[in-house]
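Working notes for the structure below.
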2 protein chains.
Amino acid sequence: MTLNTKEKIFYTALDLFSKKGFSGVSIREITREVGIKESSLYNHFANKDEILESILTYFRSDFSKTLPPIEMLDAILQKSTVEEFLKAGHRNFKQFMEDENRVKMWRILQIEQFRSPLAREVILEDLFKTTIHFLEIVFQKLIDLNKIRPYNPKTLAIEYQYPVFSLLTEYTILKFDGKDTSEVETRLDNHIDFFLEIVTIK
Amino acid sequence: MTLNTKEKIFYTALDLFSKKGFSGVSIREITREVGIKESSLYNHFANKDEILESILTYFRSDFSKTLPPIEMLDAILQKSTVEEFLKAGHRNFKQFMEDENRVKMWRILQIEQFRSPLAREVILEDLFKTTIHFLEIVFQKLIDLNKIRPYNPKTLAIEYQYPVFSLLTEYTILKFDGKDTSEVETRLDNHIDFFLEIVTIK
DNA sequence: ATTATACGCTAACGTTCGTTAGTTTTAAAT
DNA sequence: ATTTAAAACTAACGAACGTTAGCGTATAAT
């Protein structure tokens with residue numbers, strides 16, 4: 001786990017940007033932390049913007065690996081109950097967000113969303129759109145399998161996922177102050193239970 | 001509607017902070033826009049931080065006026081259907097957010113949430129907690145009136161409100177780029193309809 | 001052994017930053 | 001008409017900003 005200089009710059013910038021925002025962090029601050037002179041940073045990144053860009057791009061490709069590929073869905077959905085499937089997804093996502101670097105990237109997205117068109121694109125396309133599209137397919141398949149009630153699959157996707165996003169916002173803020181997050185986690189469990197109660201055919 | 005200098009500074013800072021973030025805006029930029037010298041600004045605000053503080057404080061008191069007082073609830077709830085009540089709340093909130101200054105304040109909250117403890121407090125306490133608490137009381141009363149099904153009122157509050165927060169996040173980003181928001185607005189309507197379908201006693 | 005490349009360094013560039021001291025103008029109160 | 005207070009101004013402070021030019025050295029390829 002020894003990092004080369006470029007990686008050190010990357011993770012130091014990730015940490016600082018996520019606390020103070022891009023404009024609130026100077027090249028000097030980053031290089032001081034890394035232990036090199038300001039000028040040396042430019043051997044690794046063309047300029048300050050490129051550091052942020054590399055962070056956002058990294059998050060993009062990282063996040064794209066979290067959802068299972070759609071061609072594997074049929075196999076998965078047939079052999080598990082709705083409850084098992086949703087709770088497994090929940091565990092996956094929780095695990096994904098337990099990596100503190102991912103939490104930092106999430107924070108940067110929030111902070112930079114109005115300064116960086118790329119950040120906005122990642123939020124709208126990669127987080128919202130991709131997730132909702134994936135879930136829409138899942139729920140359509142579950143309806144076809146007669147495992148859940150035939151509500152509009154897109155509505156179901158939104159009803160399921162959007163509370164999760166808000167809970168994540170709350171979770172991230174609490175975590176930032178080192179506060180207790182157990183209540184938010186309970187709420188997330190309650191949300192999943194409530195959703196299951198609504199859609200399950202009894 | 002003619003503004004004095006202090007108000008001009010306030011609204012100029014509001015606009016710039018909401019686009020570039022607190023650290024991304026300089027005193028020179030604000031005063032240039034207002035049409036005064038940098039030093040003159042200090043006749044109205046002690047320092048840069050105090051400008052942001054005044055914006056957050058203003059939002060706080062402004063937002064606190066949006067929810068109807070709890071002592072008026074019984075009267076309102078008895079003479080209207082659940083649907084009327086929720087849709088009226090929706091209209092109120094929409095109207096509240098049509099004021100572009102409020103959208104700017106919302107953006108600042110997002111941008112500054114990890115730099116400013118006050119911003120975090122406003123998000124957690126004033127936006128999340130207060131809203132959920134209000135809705136919890138509403139749903140409890142509706143259950144007592146036998147107007148909705150007896151789910152856990154807090155769960156209902158979250159199921160109702162948290163998708164709204166996420167939709168608002170999406171809405172704000174789309175608005176920022178001048179993109180079409182009609183789909184998000186439709187989704188919000190769908191969400192309310194879905195929620196009504198779930199909780200209404202038929 | 002020589003050459004090339006990667007990557008650190010020193011030093012500095014011109015600009016901008018938040019803020020202050022001190023002074024003049026403006027307009028209302030006496 | 002004089003006093004007073006608010007709010008504008010000029011000028012500047014030291015510090016920090018992102019970035020560049022140029023140089024030294026270590027390592028790896030020829």
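The structure displayed is predicted, hence computed values, not measured ones. Chain identifiers are assigned alphabetically (A, B, ...) following the order of the sequence lines, protein sequences preceding nucleic acid strands; residue numbering begins at 1 within each chain.
Note on A/Val25: only backbone sugar-phosphate atoms sit closer than 4.0 angstrom, heavy atoms only; bases stay farther off.
Toward the 5' end of DNA chain C, the nearer of the two residues B/Glu29 and A/Leu41, judged by each one's closest nucleotide, is A/Leu41.
Here the P atom of nucleotide C/dA6 and the CZ atom of A/Phe45 are 16 Å apart, to the nearest Å. Atom NZ in A/Lys6 sits roughly 9 Å away from atom P in C/dC7 (whole-Å rounding). Distance, B/Ile9 CD1 to C/dG18 P: 14 Å, rounded to whole Å. In this structure, the CD1 atom of B/Ile27 is 15 Å from the P atom of D/dC9, given to the nearest Å. If you measure from atom OH of B/Tyr42 to atom C1' of D/dA7, you get 16 Å, rounded to the nearest angstrom. B/Asn4 places its CG atom 12 Å from the C1' atom of D/dA6, with the value rounded to the nearest Å. If you measure from atom CD1 of A/Ile30 to atom P of D/dA16, you get 16 Å, rounded to the nearest angstrom. Per the geometry, CZ belonging to B/Arg32 stands 11 Å off P belonging to C/dG18, to the nearest Å.
If you check distances only, the side chain of B/Ser39 does reach the base of D/dT10 with a donor-acceptor pair under 3.5 Å.
Nearest nucleotide to the A/Lys37 side chain, out of C/dC9, D/dT10, C/dC17: C/dC9. When the nucleotides C/dT19, D/dT19, C/dC7 are ranked by their closest atom to the side chain of A/Asn47, D/dT19 comes out on top. When each of C/dC7, D/dG18, D/dA8 is scored by its nearest atom to the side-chain atoms of A/Asn43, the top-ranked nucleotide is C/dC7. The side chain of B/Arg28 lies closest to D/dA12 when the candidates are D/dA8, D/dA12, D/dG18. The side chain of B/Ile36 lies closest to D/dC9 when the candidates are C/dG8, D/dC9, C/dG18. Listed candidates were D/dA8, D/dC17, C/dT19. Nearest to the side chain of A/Ser26 is D/dC17.
For the pair A/Lys48 and A/Phe22, the cation sits on the ring face: its NZ or CZ lies under 6.0 Å from the ring centre, inside 45° of the axis.
Using a 4.0 Å cut-off, no side-chain N or O of B/His44 falls inside it from OP1 or OP2 of D/dA6. Note on B/Ser40: a side-chain N or O is less than 4.0 Å away from OP1 or OP2 of D/dC9. A close approach under 4.0 Å does not occur between any side-chain nitrogen or oxygen of A/Thr5 and OP1 or OP2 of C/dC7.
Between the side chains of A/Gln78 and A/Asp74, no donor N or O sits under 3.5 Å from an acceptor N or O.
For A/Thr131, the side chain to side chain contact (heavy atoms under 4.5 Å, CB included) criterion is met by A/Phe63, A/Leu135, A/Gln161, A/Phe165, not counting sequence neighbours.
The distance between the ring centers of B/Tyr162 and A/Tyr162 does not fall below 6.0 angstrom.
You'll find the side chain of B/Ile201 stays beyond 4.5 Å of the side chain of B/Lys147, heavy atoms only.
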